[in-house]
There are 2 protein chains.
Amino acid sequence: MDRGNAFDPDCPTRVVLDRIGDKWTVLVIGALEDGPLRFTEVRTRIGGVAPKVLTQTLRAMERDGLLTRTVHAQVPPRVDYELTALGTSLTAPIAMLTDWAESHLTQILASREGYDAALDAR
Amino acid sequence: MDRGNAFDPDCPTRVVLDRIGDKWTVLVIGALEDGPLRFTEVRTRIGGVAPKVLTQTLRAMERDGLLTRTVHAQVPPRVDYELTALGTSLTAPIAMLTDWAESHLTQILASREGYDAALDAR
DNA sequence: GTCATCAGTTACCAATGGTTACCGTCGAAT
DNA sequence: ATTCGACGGTAACCATTGGTAACTGATGAC
């Protein structure tokens, strides 16, 4: 079985790719890699994420079973987010991706510069 | 050096993640894995992509040096898209990701069902 | 002439993602 | 007694992106 089924627009594999492709999911997983965090801890650890968007991301990940959300009945409230085994298993492929990103970043930026320069010349 | 720099909103690693996270980039790479294709060939191989969006995706990938675009001065026109070495090097991490997706899909779908059922119950 | 082919572009619309402000609860401080 | 601040959000609004449908331009075939 190839992964060509990902080409089918209705294939559920797309669904997973969409989740991975989500701008913040990868960052959240990175943030929670070392242990559970509270909402605001996640928020400050990831730069520049709006609370609404973070909530959406966390809820979606909870729905997909990537993390658990535990509410402690306290005041002020305390909500802990923790990766599940499933969520943790995602760290390996993601690490590959970020490694690739870091090692090829200069190439990409150089390519962009060349492309944009060629455009300006026209 | 950790990959924590991805947490910096201005870090260029984000840029790469955004590209990977793009809905169609992964599919295009998969389509071109076996050799160069023409515009419409890519289009038909990937289900459900609008020409405008495909153009945008291909241009962005060209800019990043992931593929080359060669125009043959013919009528009807012929444009070939081919992965560069850089683009090909991305297939490995992507394969890991799709493998993960396929092997954990049932877990995810089950988790979603449970989550949605719990919501409906309320 | 008219039509078909290919690789797009243009104008337009819907959905998604993101930003800024605000809320409710309760203990502590004034 | 009352304001203050922490925390984990929500509400209303706006921007960007994704998507659709129709059209273009060159040319050889019919």
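All figures in this text were calculated on a predicted structure; none of them were measured in a lab. In the text below, chain A, chain B and the rest are named by the order of the sequence lines, each starting its count at 1. Excluded from the calculations below are hydrogen atoms, water molecules and symmetry mates; all remaining heavy atoms, backbone and side chain alike, are included.
Atom CG of A:L54 and atom P of D:dG9 are 9 Å apart (whole Å). As rounded to whole Å, 13 Å separates atom P of C:dG8 from atom CD of B:Q56. Counting to the nearest Å, the P atom of D:dG19 and the NZ atom of B:K52 are 9 Å from each other. C:dT5 atom C1' lies 9 Å from atom CZ of B:R38, rounded to whole Å. We find that CD of B:Q74 is positioned 22 Å from P of C:dA4, with the value rounded to whole Å. If you measure from atom CG of B:L37 to atom P of C:dG8, you get 13 Å, rounded to the nearest angstrom. Atom CD of A:E62 and atom C1' of D:dG9 are 14 Å apart (whole Å). Distance CG (B:D80) to P (C:dC6): 13 Å, rounded to an integer number of Å.
Among D:dG8, C:dT5, C:dG8, the nucleotide with an atom closest to any side-chain atom of B:P76 is C:dT5. Nearest nucleotide to the side chain of A:R69, out of C:dA7, D:dG9, C:dT19: D:dG9. Nearest nucleotide to the side chain of A:R59, out of D:dG8, D:dT10, D:dG19: D:dT10. Candidate nucleotides C:dG8, D:dA26, D:dG18 were compared by shortest atom distance to the side chain of B:K23, and D:dG18 ranks first.
Between the side chain of A:S111 and the backbone N or O of A:Q107 there is no donor-acceptor pair closer than 3.5 Å. A distance-only check finds a donor-acceptor pair linking the side chain of B:T84 to the backbone of B:G65 [under 3.5 Å].
We find that A:D64 and B:R112 are joined by a salt bridge, their nearest charged nitrogen and carboxylate oxygen being less than 4.0 Å apart. A salt bridge between A:R63 and B:D116 is present, with a side-chain N of the basic residue lying under 4.0 Å from a carboxylate O of the acidic one.
Comparing A:P77 and A:T55, the nucleotide of DNA chain D nearest to each residue sits closer to the 5' end for A:P77. Residue order along DNA chain C, read from the 5' end via each residue's closest nucleotide, puts A:W24 first among A:V75 and A:W24.
Dashed line: the shortest gap from a side-chain N or O of B:R78 to OP1 or OP2 of D:dT27 is not under 4.0 Å. Taking 4.0 angstrom as the limit, A:T40 places a side-chain polar atom (N or O) nearer than this to OP1 or OP2 of D:dG8. Between A:R43 and D:dG8, a side-chain N or O to OP1/OP2 separation shorter than 4.0 Å is absent.
A:V79 comes within 4.0 angstrom of the backbone, heavy atoms only, and of no base.
Atom CE in A:M61 sits 6.5 Å away from atom CG in A:L32 (nearest 0.5 Å).
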